[in-house]
Peer 1: 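Could you have a look at this structure, given as structure tokens, before my questions?
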Amino acid sequence: MDYKLVPSVCPYCGTGCGILYKVLNDRITGVLPLKSHPVNEGKLCIKGWNAHAYVHHPLRLKAPLLKTEGRFHKVSWDRAIRTTADRLGDIREKHGPDAIGVLVSAKITNEENFLAQKFARTALGTNNIDHCARL
Amino acid sequence: MTNSIAEMEESACLFVIGSNTTECHPLIATRVLRAREKGAALVVADPRRIHLGLYADVAVQHRLGTDIALLNGMMYHILVNNWHDAAYIRARTEGFQEFSESVLAYTPERVEALTGVPAGAVEEMARLYAKSKPASILYAMGITQHTTGVDNVKAVCNLALLCGNVGVRGGGVNPLRGQNNVQGACDMGGLPNVLPGYQPVTDAEVRGRFAEAWGVPIPPQPGLTITEMAQAMMDGKLKALYVIGENPRLSDPDWNHLRHAMKRLEFLVVQDIFLSETAQVADVVLAAASCAEKDGTFTNSERRCLRIRQAVEPVGESLPDWRIFCLLSQAMGVPMDYNGPHEIMDEIASLAPKLYGGIRYDRLGIDGIQWPCPAPDHPGTPFLHKDRFSRGLGKFHAVEHRDPAELPSAETPFQLTTGRMFAHYHTGTMTRISQRLDAEQREGYVEIHPEDARELGIREGELVRVSSRRGEMEAPARLTRRVRRGTIFVPIHFGESPANILTSAEAFDPLAKIPEFKVSAVAVSKALQ
Amino acid sequence: MRKTVQQWLEEGIVDLFLGYRAVEGHPIPWVFRKDALHELEAFREGPYRYPLEKLAVEILREDPRVRLGLLARSCTERAVTVLQALHALDRERLILLQEPCCPSPLHRGVVCSSLAGPENGSQKRRDGIPRGRPLEELETWEADERFSRWMHELEKCLKCYGCRDVCPVCFCDQCTLQDPELFETGSLPAEAPHFHLVRAVHMAGRCVDCGLCEEACPVDIPLRTLYRKVGALVRDLYGYVPGHEPVPLLWGPLGDGELERLVAGERSREMVWEAVRRCSG
Ligand code: SF4
Ligand code: SF4
Ligand code: SF4
Ligand code: SF4
């Protein structure tokens, strides 16, 4: 049996409370507040206490999907990436890089946001990149 | 935030405006209440009667969209009573003359007429804020989501400068970020006009450095904002959209507008952990790992860069977002490869050295580090502008009250405001599937004043129809005196009663491009069964 | 202590040991095992407390054979006794490594987070219930004043349910506090004082006065004081102190019928008030 507590950060509001995921055999069973954390000092709000609930939800996407004739099909990563790269490449070819926009997210990490804008500005060649902080 | 969360406990006065703190940033409310119990003054201004108001010395409900009038009104009293910090203003600011002239036009009578707040209360707010030092201002989307959002923020800053509260421990101007990594997304250049570290794309020197590091030239003209992208889709200019971890179909201001706009796209790719409303209309959906399934960092509202750690394996074949970007970039012929997020952070540190230069995984620990952290031996920065502002002197900006883009009319006599409730988050995709959070609130609702409800023949729990020029929605009524008469409130989390079908995509702040979520004009009636 | 843990693991007295380990300077509950004895180097004792017994219940339930060692302060021991009385854990498979604790004339120099905590500020002393005060002191206030002071505290409640979620002896699948028939859901603050009194009533005969709830409360409500009151009542009425012996309290401060009705959801405000009136003497 494998049981561990993994320190992390609440995925919800911008307060950034320290949490511990309770992990039993590769499943998160709950959350505890990180007692010695400088932000929340061992306390959480209702969202923080339930910060794990969505992780193992049956509706999570488990594979890339491709829509053909109005219906989604599971496809391999290879196929999904190739299709996406081809379609984006075609559109850039035909209409220029600024015909593509990228919306990044306040839910992904710094490193991922960094790569997302790097991708937009290098691979696509556009500054059309924004996120929902305005909203 | 200019200052830190824990510092709030040391404030002598907390002024909370446009932030329903106990519901939206509960662990910041912790500090506010602690400061209060230690004897600090608490001043609360919100168009709704919010929970925190119970503990305030003064709590006012100003009319929607009158924040500038209220703030200028406070500053009027501060100036005429000589409560401002003249020495600080002389040493550290500029533009005071012009600003003070503009503020003196906000006489108590005028402010009372505009805001609906009694003149005596405005004076008391001013007195408490100006006479208790250090004083901290907290605000959230109630200030920014307006056509006058940028001016609202300027008015807040004016107030802080006027009383010498910027650059001091326990003071400051503290915007509370609604989502956990809004700060980081901005820091990382997830914006059309700046590269990581807020370095303008229009600056050739900056572009040069990035181009050298990345081996590809950087496009020189700023790109489109999200609101402009929607328009460009409508106009057929934007053909493809790549949406990452977002559900703009529910968070965008004008649902109908966006739905039509998205239909005109040639190609939509969505990367998310669920098949959200937006993902459902995509051509390709890329399955991302959740933040419990990967390593990385988030930067919270107080600029604290914090590590998140992988707790479990990604579900199914889902991949961490950073891996997906690498795959896509390679497929498009631009090499991108890292051994892990720590290597990406090293690159961030080298390209945004002023803010992240000293941030390395091996020194973040659990406590994290607050930027600016320019060097590996720099301890981080708990509060900003200690001895000088980034631009040198702090600048006063004369700002004037302007009416919201939409005022009530005969057809749409009510004012609608939108926001969050305590048990859910953003578009609800992550929280509504939690049994315990769902138990707290299962469906959307419309908060309406009991008197208004009585006049319209609406009883508690009955379906209400709300319509604006853009669309209509229905949800059960919740009768409460939390809202003023003539105002209704709709939470944003519930897709089946989408608040954003009512709000306007056309009304947004001309500079910040933030949509006016906080005020629209609507009609309210009992729904026909 | 570290030596003992190592010995227990090596000799197979226990299969796993639940204690604390320093992770980047922070003490975090940790399961030590025989095949990773080196982790014991960072074995850590200190003031921080987590509901270890709650984690222990999870572990024992997952593997019906495992024998678990548990680092146990006095409060942990009391909670384990209550859990045993309520048949929530298999006491046979749990071996406690006692850490003498809970300050008393016999135990000095105790390190415990419950001894620290935020200061009682001037306004809290004026309008609220300062934390850590003996019950007798609170009882010197008139009923009206006591009520308004408690309301000052309880109306801060953010409904985080942390007091319940952290509590070692709170583990119902369907928690009454989230029963929409009984409580208004969807708005703040929680319905004070009913919300808190219902929980207080549930703590009668269970609460072991560990104080974890109070430490978890984001708005510094002196919950421990509230539950101590209930505890004192149970002690005076029935001579029962939770955690002393592994037998449950079969009666509550509510009569059986009342309790049944309460559990069945037929609550009336008056009933709760009645209980409260009795609780507050
Ligand atoms: S626990 Fe609550 S306050 Fe803390 S980060 Fe999460 S949502 Fe925000
Ligand atoms: S508060 Fe009561 S119902 Fe809820 S978990 Fe605790 S004992 Fe059970
Ligand atoms: S003190 Fe609080 S956490 Fe501890 S047993 Fe009692 S109610 Fe539960
Ligand atoms: S821990 Fe405090 S705030 Fe949270 S539900 Fe309990 S009493 Fe309310």
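Throughout, a chain's letter reflects where its sequence line sits, starting with A, and its residues are numbered from 1.
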Peer 1: For chain B and chain C, give me every donor-acceptor pair shorter than 3.5 Å, distances to one decimal.
Peer 2:
unit_1, atom_1, unit_2, atom_2, d
B/T30, OG1, C/P218, O, 2.8
B/R34, NE, C/D220, OD2, 2.6
B/R34, NH2, C/D220, OD1, 3.3
B/E37, O, C/S122, N, 3.3
B/E37, O, C/Q123, N, 2.9
B/E37, O, C/K124, N, 3.2
B/E37, OE1, C/K124, NZ, 3.1
B/E37, OE1, C/K156, NZ, 3.4
B/E37, OE2, C/H152, NE2, 3.3
B/E37, OE2, C/K156, NZ, 2.5
B/K38, O, C/S122, OG, 3.4
B/H51, NE2, C/E155, O, 2.7
B/Y55, OH, C/H152, O, 2.5
B/Y55, OH, C/K156, N, 3.0
B/R309, NH1, C/E24, OE2, 2.5
B/R309, NH2, C/E24, OE2, 3.1
B/D367, OD1, C/H26, NE2, 2.8
B/R436, O, C/Q178, NE2, 3.0
B/R436, NH1, C/D165, OD1, 3.1
B/E440, O, C/T185, OG1, 3.4
B/E440, O, C/G186, N, 3.0
B/E440, OE1, C/Y161, OH, 2.7
B/E440, OE1, C/Q178, NE2, 3.3
B/E440, OE2, C/K159, NZ, 2.8
B/E440, OE2, C/G186, N, 3.2
B/R478, NH1, C/G186, O, 3.0

Peer 1: Considering non-hydrogen atoms only, spot the tightest contact between C/L158 and B/F422 and give its length.
Peer 2: O-CD1, 3.9 Å
Peer 1: Test of understanding: with side chain to side chain contact (heavy atoms under 4.5 Å, CB included), list the residues that count as partners of B/A35, not counting sequence neighbours.
Peer 2: B/L14, B/A40
Peer 1: So, for C/V23 and B/I366, which heavy atoms are closest and what is the spacing to 0.1 Å?
Peer 2: O-CD1, 3.6 Å
Peer 1: When you look at NZ of B/K133, are more than 12 heavy atoms from neighbouring residues, nucleotides or ligands closer to it than 6.0 Å?
Peer 2: yes
Peer 1: Quick one: which of C/G186, C/G121, C/P218 has the most heavy-atom pairs under 4.5 Å with chain B, could you say?
Peer 2: C/G186
Peer 1: Can you list everything that forms a side chain to side chain contact (heavy atoms under 4.5 Å, CB included) with B/A135? Sequence neighbours excluded, please.
Peer 2: B/C13, B/Y129, B/N165
Peer 1: Where on C/L177 is there a heavy atom nearer than 4.5 Å to chain B: the side chain, the backbone, both, or neither?
Peer 2: neither
